[in-house]
Each structure stands twice: as C-alpha cells, then as structure tokens.
Amino acid sequence: MARTPRPEFRPDPSLSHESMTELQREIAASAAFTDQFGFEPADIAIDDAFDLTTGLPEATPESDGSNPDAPVVVGIDQAFLTGETKNEAGDDGAGDDGAGDDGAGDDGTTDHDRAVSAAVAIRDGAVIEYAHAVTPLSIPYVPGLLAFREGAPMLDALDALSVEPDLLVCDGSGRIHFREAGIATHIGVIRDLPSLGVAKRLLCGEPVESVDERPADWQTPIRADNRVETAEPGTVIGHAYQSRQYPNSRRVNPLYVSPGHRVSAETTVDLVAATCAGYKLPEPTRLADAHADRVKRRLPGED
DNA sequence: GCGACAG
DNA sequence: ATCTTGTCGC
C-alpha cells in the first residue's frame, strides 16, 4: 500500500516559524494515531517501582531471570546546562562552530546551553541499557516548537542505544499539540517507532471533566479545542490520567498522555498505566530523568 | 488587540 | 527546564 514519505527533520536555527509549523503539519500527516505494534500493555507491565534512593539500578544486558523476549520500552528525558556564557577564556574546545552571532539579544538570554539527553531501555521490569548524549542547543524554547530544540538531542541519545526499542516513552506531548505534532510525534515518526508522550502540564485541548481532586487510575479524555488547528474541535487527542494519589489527600495533578506515533489515544493510557508503579511518573520516565541528572552531575563543571 | 502556551 | 533548605501537612 502507498506510504507517505517520511518528512525530514531539520532543526536548523535559521528555519522560519512558518517552515517549522509547516514541517509539523507534515509530521502529523505521517503519524498514525492507531495501534500498530505487536504486543499488549501487559507485556510491558512494571509491577515494582525501582528504588532510586541508593542510586540507579545496574543495567543487566544479559537478562538474568527476566524474559529476553519481552518488548523493550525506552524512556527518554533531558536535563540542561544553562547560563553557559561564551566569555570564559579557555573554554573547552568542544565549542560549536557558531554560524555568526548567537541569537542573544535584548533580553539577555543566550542559546549557549547544552542538553543532556538520556535514554533508558527496560525489558520485563529490568534495566538492560543506559545511553546518553550531550548536545549544544541552538534554538530557544517556544511553546509548540519544543521538538526543534530538544528533538535532535533526543535522537542522539537514541542513536547511542544498542538495543532496538519497541516503544518510546517521551517527556512532553504527542498528539496534544497545536498541530498534533508534539515532540513524541516527531521522534516516533522520524524513527517510525511506536511512541507516546507524557506531560505534566496541558499544552492545549480541554479535559471532558474537571481534573481536580481525582483518585488514582482516574482518567478523562482531552478534546481538541479551537487552539488545535489540525483537528475538528471535540476530537479526542489524548487523556488526563491520574497515575497516583496520596491516600488521604487529593492534591496531585494528573499526567497528560497522548499518542506519539502508531498508538491510539485509548491505548496510550493503558501503556502508561502499565509502566506506572506507584509514582506519579511512569518508571521509564523516572529512570530517564534520574539518568539525565546523573550524567549532568558527572559533567565537568559541577562537583 | 487579548489570550495562552509541553520542556 | 533551572535556581534551592527546610518545612507544613497528612
């Protein structure tokens, strides 16, 4: 059957705003918001939360006891090194070959930051591999255009991974996006891998029910509103999912989960729920977050 | 012109 | 995202 050619991903700082939004429309058009993967949510279930109080669990590539045929879930997250000014004499030679000036400007902020991208591969409840990449950032954060700032760094971390992922769990939105092309969608489409996004805050769209004071495991659909340019208002683009709640309180906010690529909105909730083990964030994201922080701490500069 | 906005 | 110790509440 005919197949839409995969859009190329060029996070070039010189790209115009229009070019970026146009590329996102192509990404969204190439994305599949239907289930296209060969396993069940139960196959990636993580029953026991990893204990991160004594450091991260050791990676065990040679499955000791765990099922080597279980799907590989890869969590991806980032940490940042900001405020890196360019006036430091004797800067480490790893500087970027700057094309002219930095887009610094009037507000004093520069783009001389670096991203630490971390990817953690989990199979049958065990970590089988850690990978990371440190990438200079050249594009500022703009709501809706996050993929152009963090996409390449995330792909770098994925490239550093030796195992083949069966599912990517990204930090941020997927289909819950102005053009249905959040960073989870970008990454999924570019690698043509099943992917989903887990965000702590809602970018756009409207919950069917109020998300306040909800018990654990509660969920409600997120419908496209007038801010979602590519979908008919009312279209379900993701869900609010209350992954955890304290026994006698109701202050924890829900997660906002949405399809990235090759996963439906409904199944996205099931997949996230399967990888949650008592904490607000799903285990793949918790571990990727911790790994990114660990790499960042070990980097020259802060000891 | 006003509002609104992942990491 | 990041800057950051202790601390109020269950």
Side-chain angles (χ1 to χ4, degrees), chain A residues 11 17 20-21 24 27-28 75-85 107-118 134-155 157 168-188 195-207 211 213 215-216 222 224-229 233 237-241 244-260 268 272 280-282 285-286 288-293 295-297 299 301-302:
Chain A
H17 184 278
M20 292 190 276
T21 56
Q24 292 191 315
I27 293 282
I76 312 172
D77 192 23
Q78 316 212 72
F80 298 86
L81 298 161
T82 63
E84 299 188 325
T85 52
D107 56 2
T109 60
T110 65
D111 296 331
H112 293 263
D113 305 339
R114 284 183 298 168
V116 177
S117 297
V134 180
T135 314
L137 294 169
S138 53
I139 299 177
Y141 166 67
V142 175
L145 300 178
L146 178 64
F148 290 89
R149 174 179 173 79
E150 305 185 2
M154 285 174 59
L155 292 174
L168 302 178
V169 177
C170 306
D171 200 49
S173 286
R175 194 182 183 184
I176 294 180
H177 181 272
F178 308 128
R179 290 163 293 279
E180 296 176 277
I183 193 161
T185 305
H186 278 254
I187 302 303
S195 69
L196 60 83
V198 176
K200 302 175 201 65
R201 305 199 311 181
L202 188 60
L203 176 61
C204 58
E206 190 69 20
V211 303
E213 305 186 0
I222 300 296
D225 56 18
N226 54 341
R227 290 177 292 176
V228 182
E229 317 159 5
I237 55 179
H239 290 79
Y241 172 62
R244 115 165 259 193
Q245 195 51 284
Y246 293 118
N248 213 355
S249 177
R250 50 282 158 108
R251 68 173 92 184
V252 178
N253 299 312
L255 294 175
Y256 296 95
V257 306
S258 58
T268 293
V272 171
K280 174 170 179 172
L281 295 177
T285 301
R286 276 187 75 221
D289 182 72
H291 185 222
D293 283 338
V295 172
K296 175 181 174 178
R297 286 197 307 270
L299 243 35
E302 177 110 12

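As the structure is a computational prediction, the values presented were derived from the model and not from experiment. Below, chains carry the letters A, B, ... as their sequence lines are ordered, and counting in each starts from 1.
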Identify whether any heavy atom of [X] sits under 4.0 Å from a base atom; if not, whether one sits that close to sugar-phosphate; answer base, sugar-phosphate or nothing.
X: A:Phe178; value: base
X: A:Leu145; value: base
X: A:Ala79; value: sugar-phosphate
X: A:Ile183; value: base
X: A:Phe80; value: sugar-phosphate

Basic-acidic side-chain contact under 4.0 Å: A:Asp171, A:Lys200
yes
side-chain contact (heavy atoms from CB on, under 4.5 Å) with A:Asp77: of A:Asp289, A:Val169, A:Leu281, only one passes, and it is A:Asp289
Separation of C:dT2 atom C1' from A:Tyr141 atom OH, nearest Å, is 14 Å
When rounded to whole Å, the NZ to C1' distance for the pair A:Lys296 and C:dA1 reads 8 Å
- [ ] May I ask you to verify if any side-chain N or O of A:Lys200 is less than 4.0 angstrom from the OP1 or OP2 atom of C:dA1?
- [x] yes
Under the rule of Watson-Crick or G-U wobble with both distances under 3.5 Å, where | means paired to another strand and [ ] a crossing pair, DNA chain B maps to .......
Value for CG (A:Leu203) from CD1 (A:Ile222), rounded to nearest 0.5 Å, stands at 11.0 Å
So the contacted stretch of DNA chain B, first to last nucleotide with an atom under 4.0 Å from a non-hydrogen atom of chain A, runs from B:dA4 to B:dG7
